[in-house]
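Working notes, structure below.
Keep in mind that the numbers below use all heavy atoms, side chains included, and drop hydrogens, waters and symmetry copies.
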Amino acid sequence: MRRHPRLARLPACLTTRLAARLAGLVCALAGLTLLAACAIEPKLSDKSTVYIDNYTRRDSPEVYVEPMRSPPAPVSALMVPFEVTQDMAGSQDLGEQLTRVVWQTWTRDRVFPKILYEPKLRGASTPQAVAVARRMGLDTVIVGKFTYVLSGGTRGDSGVSFTFDVIDARNGERLWSMAEAGTMETGLVEDYILFARKNRMPTDPLTAITSTLAMDMGGTMTKWNYGFVPPPPAGPNPAPPQPAPAPSGRRL
């Protein structure tokens with residue numbers, strides 16, 4: 001096989017390295033197309049484009065209040081619509097929609113064995129929600145606020161931050177207070193020799209971000225809610241019974 005005239009001028013070690021790099025890039029491209037979260041747009045006259053599903057960038061949840069011990073049995077909860085504190089059109093409807101995402105995520109993950117969402121309590125105060133939970137026979141009330149919402153759709157950046165409290169319906173004590181924020185950025189492009197890598201935004205970034213944050217914070221409460229108090233340790237084993245004495249006149 002004849003070598004290309006330009007390659008013939010290069011040392012053999014350099015052409016070998018170049019061939020190895022090209023082979024590695026081809027293998028990497030093939031591997032990316034096998035991923036479930038990827039899609040490829042092949043082109044003959046230009047670079048092929050590999051699309052990667054975008055993800056929520058966030059830090060760990062901030063825990064401000066948490067109980068010192070788990071309940072003796074998992075508790076139930078009543079969730080009311082969270083308030084959107086930003087001055088924006090349709091804030092109440094948006095708060096109800098995003099709260100429903102939190103409720104669906106926690107229902108899916110079984111954070112509480114029974115968690116009800118009551119959209120009719122939109123705008124209700126915490127004491128009013130606690131009173132309703134008592135009448136319904138539920139143990140806790142979940143109230144919260146969306147402190148930041150940025151909706152960029154599929155072409156712009158999006159972000160969500162919210163905080164919530166879990167209130168004991170018996171005495172009004174605050175059991176949990178947590179907050180977390182997350183963003184999803186678009187427009188990330190990485191160019192390679194044979195292909196380009198681009199982020200693919202979900203159809204509803206706000207729902208995806210809210211669900212991820214709810215999953216993070218719900219995991220912490222799940223461990224608490226189902227962490228049954230272990231029974232006290234057993235006492236020392238009793239001493240084994242002594243063998244009965246042999247009857248007189250008989251030999252063992």
Side-chain angles (χ1 to χ4, degrees), residues 36-37 53-64 74-124 126 129 132-133 136 138-167 175-186 199-226:
D53 287 339
N54 211 339
Y55 65 95
T56 301
R57 294 165 174 82
R58 77 276 189 193
D59 294 327
S60 300
E62 295 287 344
V63 180
Y64 305 116
V75 298
S76 56
L78 171 66
M79 179 177 289
V80 300
F82 295 178
E83 176 189 0
V84 176
T85 59
Q86 287 179 258
D87 185 10
M88 55 190 305
S91 59
Q92 292 186 348
D93 292 336
L94 179 60
E96 182 179 332
Q97 294 172 7
L98 295 181
T99 306
R100 189 177 296 273
V101 174
V102 178
W103 169 68
Q104 291 173 342
T105 302
W106 287 358
T107 301
R108 178 199 65 192
D109 296 344
R110 298 287 295 172
V111 177
F112 298 88
K114 181 179 182 181
I115 176 172
L116 303 181
Y117 176 54
E118 187 50 71
K120 295 180 180 179
L121 292 177
R122 184 172 65 181
T126 299
V132 173
M136 299 176 67
L138 301 176
D139 302 312
T140 62
V141 175
I142 304 171
V143 296
K145 296 179 180 180
F146 288 97
T147 57
Y148 176 77
V149 178
L150 174 64
S151 178
T154 58
R155 298 182 178 273
D157 298 343
S158 297
V160 175
S161 65
F162 72 92
T163 178
F164 70 90
D165 296 332
V166 178
I167 309 297
L175 299 176
W176 287 94
S177 182
M178 304 177 64
E180 192 178 7
T183 59
M184 188 173 289
E185 301 174 357
T186 187
N199 280 353
R200 179 172 57 186
M201 297 288 286
T203 56
D204 190 352
L206 287 184
T207 297
I209 297 172
T210 304
S211 179
T212 300
L213 301 181
M215 181 178 61
D216 288 348
M217 294 187 280
T220 302
M221 291 194 300
T222 302
K223 297 177 182 178
W224 160 79
N225 204 12
Y226 293 91

Value rounded to 0.5 Å, distance of [atom1] in [X] from [atom2] in [Y]:
X      : Y      : atom1 : atom2 : value
Phe146 : Leu213 : CZ    : CG    : 9.0 Å
Met184 : Leu206 : CE    : CG    : 9.5 Å
Gln104 : Thr210 : CD    : OG1   : 11.0 Å
Leu116 : Leu121 : CG    : CG    : 11.0 Å
Asp139 : Ile167 : CG    : CD1   : 13.5 Å
Leu78  : Ile115 : CG    : CD1   : 8.5 Å

Exercise for the section: Could you tell me whether the side chains of Thr147 and Thr85 share a donor-acceptor contact shorter than 3.5 Å? Expected result: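 No pair is found: no donor N or O on one side chain lies under 3.5 Å from an acceptor on the other.
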Practice task
Could you verify whether a donor N or O on one side chain and an acceptor N or O on the other, from Ser151 and Ser158, lie under 3.5 Å apart?
Solution key: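 Side-chain D/A pair, Ser151 to Ser158: absent.
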Main chain of [Y], side chain of [X]: is a donor-acceptor contact present, judged purely on distance under 3.5 Å?
X      : Y      : answer
Asn225 : Val75  : yes
Glu83  : Gly95  : no
Asp165 : Val143 : no
Ser211 : Thr207 : no
Ser161 : Tyr148 : yes
Ser76  : Leu138 : no

Any side-chain heavy atom of [X] within less than 4.5 Å of one from [Y]?
X      : Y      : result
Ile142 : Trp106 : yes
Thr183 : Arg58  : no
Ser177 : Phe164 : no
Phe82  : Glu96  : no
Val132 : Glu118 : no
Met178 : Phe162 : no
Thr105 : Arg108 : yes

Exercise for the section: Taking all heavy atoms of Pro113 and all of Tyr226, pick out the closest pair and write down the distance. Expected result: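 Of all heavy-atom pairs spanning Pro113 and Tyr226, the closest is N-OH, 3.2 Å.
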Handout entry: Val84 to Ser91 - nearest heavy-atom pair and separation
Key =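 In terms of heavy atoms, the two residues are closest at CG2-O, 3.3 Å.
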Problem - Verdict with supporting geometry, Glu180 and Asp59, side chain to side chain contact (heavy atoms under 4.5 Å, CB included) - result: CA-CA 7 Å; Glu180 192 178 7; Asp59 294 327; over 6 Å; no
Practice task
Please determine if Asp93 and Arg122 form a salt bridge, counting it only when a charged side-chain N lies under 4.0 Å from a carboxylate O.
Solution key: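 Yes.
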Practice task
Go through Val102 and Met79 one step at a time and tell me if the side chain to side chain contact (heavy atoms under 4.5 Å, CB included) criterion holds.
Solution key: CA-CA 9 Å; Val102 178; Met79 179 177 289; 3.9 Å; yes
Problem - Test side chain to side chain contact (heavy atoms under 4.5 Å, CB included) applied to Asp109 and Met215, step by step - result: CA-CA 8 Å; Asp109 296 344; Met215 181 178 61; 3.8 Å; yes
Practice task
Please assess Tyr117 against Arg100 for the test side chain to side chain contact (heavy atoms under 4.5 Å, CB included), listing each intermediate value before the final yes or no.
Solution key: CA-CA 8 Å; Tyr117 176 54; Arg100 189 177 296 273; 3.7 Å; yes
Problem - Steps toward ring pair (Phe, Tyr, Trp, His ring centres under 6.0 Å) verdict (Phe112, Trp176) - result: CA-CA 14 Å; Phe112 298 88; Trp176 287 94; 9.6 Å; no
